[in-house]
Undergrad: 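Quick one: this structure, given as structure tokens, is what I'll be asking you about.
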There are 2 protein chains.
Amino acid sequence: MSQQSAPTRGAATLHDVAREAGVSLATASRVLNGSTRKVAESYRERVEAAAEKLGYTANLSAQATARGTAAIVALLVADIADPYFAQLASGVARGADEAGLVVTIAITERDPQREVRLVRALRGQRPRGLILAASRTEGADAVGLQNELDAFTAMGGRVVMLGPSPADTRSVAIDNRSGAAALGAELGGLGYRDAVVVAASEGIRTSDDRLAGFTEGFTAAGGTVREVRRAGFTRDAGYAAAQDLLAGDLPAGTLIFGISDVVAIGIMSAIRDAGRHVGADVAVAGFDDISTGRDVRPGLTTVRVPLEDLGYRALHAMLEPEWDATQPSLPLEVIVRGSTPPRT
Amino acid sequence: MSQQSAPTRGAATLHDVAREAGVSLATASRVLNGSTRKVAESYRERVEAAAEKLGYTANLSAQATARGTAAIVALLVADIADPYFAQLASGVARGADEAGLVVTIAITERDPQREVRLVRALRGQRPRGLILAASRTEGADAVGLQNELDAFTAMGGRVVMLGPSPADTRSVAIDNRSGAAALGAELGGLGYRDAVVVAASEGIRTSDDRLAGFTEGFTAAGGTVREVRRAGFTRDAGYAAAQDLLAGDLPAGTLIFGISDVVAIGIMSAIRDAGRHVGADVAVAGFDDISTGRDVRPGLTTVRVPLEDLGYRALHAMLEPEWDATQPSLPLEVIVRGSTPPRT
DNA sequence: TTGTAAGCGTTATCAT
DNA sequence: ATGATAACGCTTACAA
């Protein structure tokens, strides 16, 4: 029945239901849409029957206009095809579903300007909250974003950031630094002595923290970070960086730490495409433990971040009436797999 | 600034803008929100200045109530963490962005009943359209869904299905059958003689078509499908099925065709965890060409489906005023990688 | 407990 | 070209 778009109006309205049930609009509203008010059982039944009969669904937009806020949570991610964000989104969606919220998703494409525009546009939905994954929190772009976010909170919206965030912003963070330090220590303990880090550009907190942590842990365990390569957070950036690295002379036994699993997986592919062997020849480690890491061979050594959970918690951080900034960080766990065999 | 929710109404309204600019509500509306009507340059400027000054953003809900339809497209996927759906979603998001639409996403968890509930809930948003990926189109559950969808189209909404769909429904489909046939033929040509297919349950069109096509092509090329294992569309289902298969006696040189790449990747992992070798020992092929397939080793032989593109096209199929059912299928291409080396 | 009616922020019709 | 003003579908004091 995809006939040429009919007069648009077709759905049964609350009005229709009320008439059908022979009650007032108010009564119908009270029984159908969450209200604490009581209504007589007989009426309730009639209204429900009428609603069912007419196939009534509340018009969320109208509800939102009347209430001033919509049962929506908006999620901003860099790239939904990236498993990292996809897993995060999955957790957000689960939490939202439980809370009766609809999830609206927007893709920033890692473009800060675009992100600002998106926030502004999403603000128009009057969502209950905004969840931002991977946003710049420093630098020139950050202030434009912050203005937009302030406008949003000023009108009663809640903002949650995943990862590092300004002091007065709700956030769900992990301790990138100590996680990376633990990874560095572990790898040092395994006998690795030379490492190259493929990181994102300086000024990106997540990257900076992981780099600093790793260096700290690895150095303490007797290793040396020979070089830091600046790439992005994508698989292809990792691939390219590794390709470049391999073109020079990369001593066998070197460890490459990719700032995220996605990057690390790109690195692994580059190594193999260059005819070298991941593990025995060049070791690789990542961070996040995205599910793909289980399926590549050798398995990718990494730091496990409960991504789904993170998304779920972000949603709840948004729901919470009061925000307690002193949230415990989520547990991080080093997972050693075949990509970093013990060096003896 | 997450102080206790301030005066709640905080955002500047069109009314405010109009007053600030000293024009009528109507004029302000005409300037700010797409209207073909003309308004004098001097007014236009004043309104725009006022809007800028006040940080005005149109209230989409109010707009939607007034217009009767929201600038929203709702997307239903089984699981957003699954790369197949994530890539699809990515294309939808891109198209929506270009068209000035917001994407709302809902997760069905492969539960038909849940899907019906979700469609009903989403209907409440009065979205411009609904894009369904991987829905049952037959069986008892399908009728409940169809009712819900009919109600939606009756009120002017558009429905697009990805994959097989009822005759009068807009859809973007690929020719699973011939793609799988081409794959089967190619693999037969490579020298494979015995295959096991890990499919989804019977009655799921996509699975049925791929199975039928593969069997057809493989048989014609001189091979035999020894067995069909029923699993699901997930990585873990593939893993489990393969584990089971390997527990019996699976002759070396057997080819396992996973009904989708996600399944095939699970199969590959199971094979390796069982201490056997993918490729030389047991060959594996999949379908979809999700990006992960590039990063596993050996690379996964598959049929390339332009997923991102598919999502993008679905969005456009929704936008199209008239729907021409005779759309050409998207091109499918067999990609042979290391998981199915030539058998000599 | 139930109903009346005044909003909510926009759009769109109809005069001017 | 501009401006009143009646919808849009729903919520929510305030009455009854």
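Residue numbers begin at 1 in each chain, while the letters A, B, ... track the order of the sequences. Please read these numbers as outputs of a predicted model, since none were measured by experiment.
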Undergrad: Look at the side chain of Ala66(B) and decide which nucleotide, out of dC8(C), dC8(D), dG3(D), has an atom nearest to it.
TA: dC8(D)
Undergrad: Does Gln125(A) form a side chain to side chain donor-acceptor pair (under 3.5 Å) with Ser61(B)? I'd like the steps, not just the answer.
TA: CA-CA 6 Å; Gln125(A) 294 213 56; Ser61(B) 298; over 6 Å; no
Undergrad: State whether the distance check finds a donor on one side and an acceptor on the other, under 3.5 Å, for side chain Arg30(A) versus base dG3(C).
TA: yes
Undergrad: CD of Gln125(A) versus C1' of dT10(C): gap in Å, rounded?
TA: 16 Å
Undergrad: For dT11(D), does OP1 or OP2 lie under 4.0 Å from any side-chain N or O of Ser29(A)?
TA: yes
Undergrad: Within the pair Asn33(B) and dT10(C), is there a side-chain N or O less than 4.0 Å away from OP1 or OP2?
TA: no
Undergrad: By nearest heavy atom, map Gly22(B) and Arg126(B) onto DNA chain D; which one lands nearer the 5' end?
TA: Gly22(B)
Undergrad: Flag the pair Arg110(A) and Glu115(A) as a salt bridge only when some basic side-chain nitrogen lies within less than 4.0 angstrom of an acidic carboxylate oxygen.
TA: no
Undergrad: Write down the atom of Arg170(B), the atom of Pro321(B), and the distance for their closest heavy-atom approach.
TA: NH2-O, 3.2 Å
Undergrad: What integer distance in Å separates Asn59(A):CG from dG9(C):P?
TA: 17 Å
Undergrad: Mind calculating the distance between NE2 (His15(A)) and P (dA7(D)) to the nearest angstrom?
TA: 12 Å
Undergrad: Contact class for Ala40(A) vs. all strands (heavy atom < 4.0 Å): base, sugar-phosphate, or nothing?
TA: sugar-phosphate
Undergrad: Rounding to 10°, can you tell me the angle the first-five-pair axis of the helix from dT1(C)-dA16(D) to dT16(C)-dA1(D) makes with its last-five-pair axis?
TA: 40°
Undergrad: Between Thr27(B) and Ala58(A), which residue's closest nucleotide on DNA chain D lies nearer the 5′ terminus?
TA: Thr27(B)
Undergrad: Give the nucleotide from the list dG9(D), dT10(C), dT2(D) with an atom nearest to the side chain of Val39(B).
TA: dT2(D)
Undergrad: From CG of Leu14(B) over to P of dA12(C), roughly how many Å is that when rounded to an integer?
TA: 12 Å
Undergrad: Figure out the CZ/P separation between Arg67(B) and dT10(C), and round it to whole Å.
TA: 11 Å
Undergrad: Asp16(B) has an atom CG; how far is it from atom C1' of dC8(C), in whole Å?
TA: 13 Å
Undergrad: With Leu149(B) as reference, evaluate Val116(B), Thr169(B), Leu132(B) under the side-chain contact (heavy atoms from CB on, under 4.5 Å) test and give the passing residue.
TA: Leu132(B)
Undergrad: In this structure, how many angstroms lie between the C1' atom of dG9(C) and the OH atom of Tyr56(B), rounded?
TA: 8 Å
Undergrad: Going by atom types only, do Gln63(B) and Asn59(B) share a side-chain donor-acceptor pair under 3.5 Å?
TA: no
Undergrad: Thinking salt bridges, do Arg94(B) and Glu308(B) make one under a 4.0 Å N-O criterion?
TA: yes
Undergrad: If the cut-off is 4.0 Å, is Thr65(B) near the phosphate of dC8(D), judged by side-chain N/O to OP1 or OP2?
TA: no
Undergrad: With the side chain of Ala26(A) defined as its heavy atoms from C-beta on, choose the nearest nucleotide among dG3(C), dA4(D), dC10(D).
TA: dG3(C)
Undergrad: May I ask you to say whether Asp111(B) pairs ionically with Arg117(B), meaning some side-chain N is under 4.0 Å from a carboxylate O?
TA: no
Undergrad: Considering only NZ, NE, NH1 and NH2 on the basic side and carboxylate oxygens on the acidic side, decide whether Arg19(B) and Asp16(B) come within less than 4.0 Å.
TA: yes
Undergrad: Using whole Å, what does the distance between atom P of nucleotide dT2(C) and atom CG of Leu25(A) come to?
TA: 15 Å
